[in-house]
Visitor: 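Structure provided below as structure tokens; questions to follow.
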Amino acid sequence: MENLKKKLYITFGFLAVALAIVGVFVPGLPTVPFLLVALFCFERSSKKYHDMIINNKYFGPALQDYYSGKGLTLSIKIKAILFLTCGIAFSIYKIQNLHARIALAIVWLGVAIHIILLKTKKKKEKLFH
């Protein structure tokens with residue numbers, strides 16, 4: 001039973017990573033939330049895959065800070081809200097259904113508020129300029 005549980009977590013972890021990769025290219029589909037789901041799954045199933053995501057040179061540091069509760073830098077918060085706004089705005093523009101547009105606006109508002117309320121981390125100063 002424990003082996004099945006581990007395999008399910010690994011499967012859902014890779015599914016979340018795949019959706020995160022698609023989210024890089026598809027407006028309105030988030031990337032970071034899927035990576036957080038993958039971290040959650042891999043934390044319960046595979047240290048190797050967990051470490052592979054958390055130590056990624058592109059998004060690893062931001063995920064580490066978010067995941068550990070240290071917060072995000074103002075720069076990352078602004079970029080996240082900007083990309084979120086562009087993706088959701090494009091989706092609202094393309095979708096004709098009023099209820100779907102309202103749902104997207106509510107999602108945008110909820111995620112934007114969440115990002116704003118996260119602790120703002122000071123940017124690390126570089127030792128050599």
Side-chain angles (χ1 to χ4, degrees):
M1 185 66 173
E2 190 64 31
N3 194 24
L4 175 64
K5 191 175 176 182
K6 185 176 179 178
K7 286 180 181 180
L8 284 173
Y9 273 125
I10 288 174
T11 301
F12 284 122
F14 278 116
L15 179 63
V17 169
L19 289 170
I21 291 169
V22 171
V24 169
F25 304 103
V26 176
L29 187 64
T31 300
V32 173
F34 287 121
L35 291 174
L36 291 173
V37 169
L39 280 174
F40 175 85
C41 291
F42 291 146
E43 185 174 51
R44 284 150 181 77
S45 61
S46 171
K47 180 172 174 29
K48 174 185 166 186
Y49 297 135
H50 180 270
D51 291 349
M52 187 172 64
I53 291 175
I54 205 80
N55 295 320
N56 180 282
K57 71 178 184 178
Y58 298 109
F59 47 80
L63 284 174
Q64 289 173 17
D65 291 342
Y66 178 89
Y67 201 64
S68 66
K70 292 179 183 175
L72 299 174
T73 64
L74 183 60
S75 163
I76 290 175
K77 284 182 168 187
I78 290 169
K79 288 175 189 173
I81 291 173
L82 181 65
F83 281 113
L84 172 71
T85 301
C86 290
I88 295 285
F90 179 77
S91 297
I92 287 173
Y93 170 73
K94 287 301 225 179
I95 294 174
Q96 300 302 313
N97 184 299
L98 177 64
H99 292 96
R101 286 179 168 183
I102 292 169
L104 285 170
I106 291 169
V107 168
W108 175 85
L109 184 62
V111 174
I113 288 171
H114 173 72
I115 293 169
I116 290 166
L117 294 178
L118 287 172
K119 187 186 304 182
T120 303
K121 181 183 171 200
K122 293 189 180 190
K123 204 173 203 175
K124 290 182 183 177
E125 293 185 26
K126 294 181 181 177
L127 295 176
F128 303 101
H129 297 265

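From a predicted model like this one, the values you see are computed outputs, not experimental measurements.
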Visitor: Nearest heavy-atom pair of A38 and G13: which atoms, and what distance?
Guide: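 Minimum heavy-atom contact is CB-O, 3.6 Å.
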
Visitor: What about I115 and I78, same hydrophobic cluster or not, with Ile/Leu/Val/Met/Phe/Trp/Tyr joined at side-chain heavy-atom distances under 4.5 Å?
Guide: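 I115 does not cluster with I78.
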
Visitor: Under a 4.5 Å cut-off applied to non-hydrogen side-chain atoms, are T73 and K122 in contact?
Guide: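 Contact flag for T73/K122 side chains = no.
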
Visitor: Supply the atom-to-atom distance L8 CG to L15 CG, rounded to the nearest 0.5 angstrom.
Guide: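 Here the rounded value is 12.0 Å.
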
Visitor: Rounded to the nearest 0.5 Å, what's the gap from OG1 on T31 to CZ on F25? Could you check?
Guide: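 CZ of F25 is found 9.0 Å from OG1 of T31.
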
Visitor: So, for S91 and L104, which heavy atoms are closest and what is the spacing to 0.1 Å?
Guide: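 Smallest heavy-atom distance, with atoms named: CB-CD1, 3.7 Å.
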
Visitor: Where do K119 and K70 come nearest, in terms of heavy atoms and distance?
Guide: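 Answer, listing the atom of K119 first, then K70: CD-O, 3.5 Å.
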
Visitor: Same hydrophobic cluster for L98 and I106, using side-chain heavy-atom links shorter than 4.5 Å among ILVMFWY?
Guide: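 In one cluster: yes.
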
Visitor: If you count every heavy atom of other residues, nucleotides or ligands that lies below 6.0 Å from F59 atom CZ, does the total exceed 12?
Guide: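 For F59, atom CZ is crowded (more than 12 foreign heavy atoms under 6.0 Å).
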
Visitor: Which atom names give the shortest non-hydrogen contact between N55 and Q64, and what distance separates them?
Guide: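 Taking N55 first and Q64 second, the nearest heavy atoms are OD1-NE2, 3.4 Å.
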
Visitor: With rounding to the nearest 0.5 angstrom, report the NZ to CD distance, K6 to E2.
Guide: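 Reported value, rounded in 0.5 Å steps: 9.0 Å.
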
Visitor: Would you say S46's side chain and F42's backbone share a donor-acceptor pair under 3.5 angstrom?
Guide: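 Here the side-chain-to-backbone pair does not exist.
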
Visitor: Got a second to check how far L35's CG is from L19's CG, nearest 0.5 Å?
Guide: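 Those atoms lie 10.0 Å apart.
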
Visitor: Taking a hydrophobic cluster as the set of Ile, Leu, Val, Met, Phe, Trp and Tyr residues connected by side-chain heavy atoms closer than 4.5 Å, whether directly or through intermediates, do L118 and L74 fall within one such cluster?
Guide: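 The answer is no; the residues belong to distinct hydrophobic clusters.
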
Visitor: Contact between F12 and V37 at the side-chain level, heavy atoms closer than 4.5 Å - yes or no?
Guide: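 They are not in contact (no side-chain heavy atoms under 4.5 Å apart), so the answer is no.
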
Visitor: Looking at residues at least two apart in the chain, or sitting in another chain, which of them share a side chain to side chain donor-acceptor pair (under 3.5 Å) with Y49?
Guide: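 Partners of Y49 by the side chain to side chain donor-acceptor pair (under 3.5 Å) criterion come out as none, since no residue qualifies.
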
Visitor: If a pair satisfies side chain to side chain donor-acceptor pair (under 3.5 Å) and one of its residues is in residues 77-87, list it, with sequence neighbours excluded.
Guide: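 Every pair satisfying side chain to side chain donor-acceptor pair (under 3.5 Å) with a residue in residues 77-87: K77-T120, T85-W108.
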
Visitor: If you take all heavy atoms of I95 and A100, which pair is closest and at what distance?
Guide: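 Here I95 and A100 meet closest at CG2-CB, 3.7 Å.
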
Visitor: How long is the gap from CD1 on I53 to NE2 on H50, to the nearest 0.5 Å?
Guide: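 Nearest 0.5 Å value for the CD1-NE2 distance: 8.0 Å.
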
Visitor: Hydrophobic cluster membership, with links at side-chain heavy-atom distances under 4.5 Å among I/L/V/M/F/W/Y: are I76 and I54 in one?
Guide: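 Result: yes, single cluster for both.
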
Visitor: To the nearest 0.5 Å, how far apart are CD1 in I88 and CD1 in I81?
Guide: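 Here the rounded value is 12.5 Å.
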
Visitor: Show the nearest heavy-atom pair for residues I10 and S45, with the distance to one decimal.
Guide: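 Scanning both residues completely, I find the closest heavy atoms to be CG1-OG, 3.3 Å.
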
Visitor: Would a hydrophobic clustering, with Ile, Leu, Val, Met, Phe, Trp and Tyr connected at side-chain separations under 4.5 Å, put F40 with F14?
Guide: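 In one cluster with F40: F14, no.
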
Visitor: Would you list the pairs meeting salt bridge (charged side-chain N to carboxylate O under 4.0 Å, His left out) in which at least one residue belongs to residues 30-49, sequence neighbours left out?
Guide: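 Of all non-adjacent pairs touching residues 30-49, those that pass salt bridge (charged side-chain N to carboxylate O under 4.0 Å, His left out) are K47-D51.
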
